[in-house]
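Worksheet: the structure to be examined is printed underneath.
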Amino acid sequence: MQNFLDSLNKEQADDFTRHTSSLDDQEWQTLLNQFITHANEEELLGLEANIADNSVDYCRHELNQPPQDLDELEKKFSSVTIPELPVDIGTHVQHLSKDIFRQVIPVSSPTFVGHMTSALPRHLPTLGKVLMALNQNVVKLETSHVLTVLERQVLGMMHKLVYNCDDTFYKQWLHSGEHALATFCSGGTVANLTAMWACRNQLMPANGDFAGLSREGLARGLNHYGYNGLAILVSELGHYSLKKTIDVLGLGQDALISVEADKDGRICIDALLMQLQHLRQRNIKPMAIVGIAGTTETGSIDPLNTLADIAEQEQCHFHVDAAWGGSSLLSARHQYLFKGIERADTVAIDAHKQMYVPMGAGMVLFRQPTLTEAIAQHANYIVRKGSKDLGRHTLEGSRSAMSLMLYSNFHLLGRQGFAHLIDASIEKARQFANLIRQQDDFELISEPQLCLLTYRYAPALVRQLLRKGSASVQQKLHDALNALNQSIQTMQWSTGKCFVSRTCLKPVQWDRQPTVVLRVVLANPLTTQEILENMLEEQRQLAQQSLFWEALQNLMHD
Ligand SMILES: *Cc1c(COP(=O)(O)O)cnc(C)c1O
């Protein structure tokens, strides 16, 4: 130390001495204890027992208060000074319990049906804790060993679920390090990006004096191959992660061609063909056609077989974004809805949406594992050439072994258990749709194709006026209904008792006018019809208390 200080000039040395951390013995011990001690186990065990091991009850009983005002919270979390000294675990746990864990959203409550992630099976929080404690990094074999092998097996199961190739195929590819059947990632966003990344690179391989797009970049690639640009085509209900994708890939957001959807939320084939023709006229190469198997907003499934035919004719990549819906393939009864997915070059599926796995679990599957050559990377200290490291084909680097969660769910629930859960969810959505249809004052906007549907509060009388009134009355009514549904959703959320989400659709039955709708996703097995009935009743009451009726009266007087 003295030698080191001697090497600095006086000013530097003073500065260094002043800023060297100086914990006293007790503080140092407190710090070490954070890593090794069992002395404060009680507080930690309390957290585990009350929250981690009991999250459904915790959500139900401890989190049934209206959420605190955001301004208040922001004030509480406004200091930007990193705490100076270590504190003991008991103090910190108390702070977490009181100030944070009581202000979270009870997403696994059966009355919270507005989001896409569902309740978790009981074994997963424990498994998560073990995984976190072991802290394996599946970027490479050296830091994960069995978990690398297990991840490949899980990905193989998913590949088989979608593509159903024969045994020889899986024998050849499952544990091959040179290629990957699929890769695991943080979610659908990265899965879509990975698929399109591989697709883009493969589109412009090395050729003559051109070393390939991945080496020379997009501008030279376009120049060499003589295109004015590249495009990705997807229905207007495409997930916004595709916008990020196309931006990151350097194609520009205008290259994401949004194709009209029909009354059921499925891509219009005629409109797609027209867009393809426009691109041809402008010498823009369609890089990929994306089919959505379960749109985020309406749960609709595109006609995948037809899209596969068109992609084949155009000789372009066919990607299916099944981030939310893909898990329904586990149901033999509903598999038919996905006909054609097996022809997709790549498929994105999230395990954290309907596979009852916690967040951070997405996958991209490659029909032909050789496609991963287009994105393979290596480095000398990690993911070496010839190694079986998973990191050679993933966009992300360090990664935890989330595949273990899916592995355990496959074992603990079984394919048939999953199928049962999925069938029950879809059945529940159909029943709820029927319930809505029976109400005079609610309107079903999108039928459930899977377990997701949208509806709104719109009394039959108002709907009649909306059809018959003058254009200006129609517009005002339309705006009033939008405002009403927006306020129903916000008010219901702020009571803290239940949650539906909201989006804005352009329903064909309302001349594609932007229409605010309530959206529910019914994947939580603990959600009952009774809960849904009460939820509607509460929405009705909120609607009746609102200013909508005054607005309506004024409108009628005008
Ligand atoms: C949720 C979703 C995504 C994005 O997935 P993340 O896991 O949130 O990154 C992409 N596509 C669809 C259709 C989705 O529903």
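Just follow the structure's listing: the first ligand is 1, and inside any ligand the first atom is 1.
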Completion exercise
Those residues at least two apart in sequence (or on a different chain) that pass ring-ring contact (aromatic ring centres under 6.0 Å, His included) with Y163 are H159
Handout entry: salt bridge (Lys or Arg N to Asp or Glu O under 4.0 Å) contacts touching residues 424-433 (sequence neighbours left out)
Key = none
Practice task
Verify the distance criterion only: is there a donor paired with an acceptor across the side chains of E396 and S186 at less than 3.5 Å?
Solution key: yes
Exercise for the section: Using only heavy-atom distances, determine whether the side chains of D321 and H239 contain a donor-acceptor pair under 3.5 Å. Expected result: no
Problem - Where at least one partner belongs to residues 482-495, residue pairs that pass salt bridge (Lys or Arg N to Asp or Glu O under 4.0 Å), sequence neighbours excluded - result: none
Problem - Neighbouring residues of ligand 1, heavy-atom cut-off under 4.0 Å - result: M116, G187, G188, T189, N192, H239, S241, G294, T296, D321, A323, W324, D350, H352, K353
Handout entry: Within-4.5 Å side-chain heavy-atom neighbours: F442 and R437
Key = no
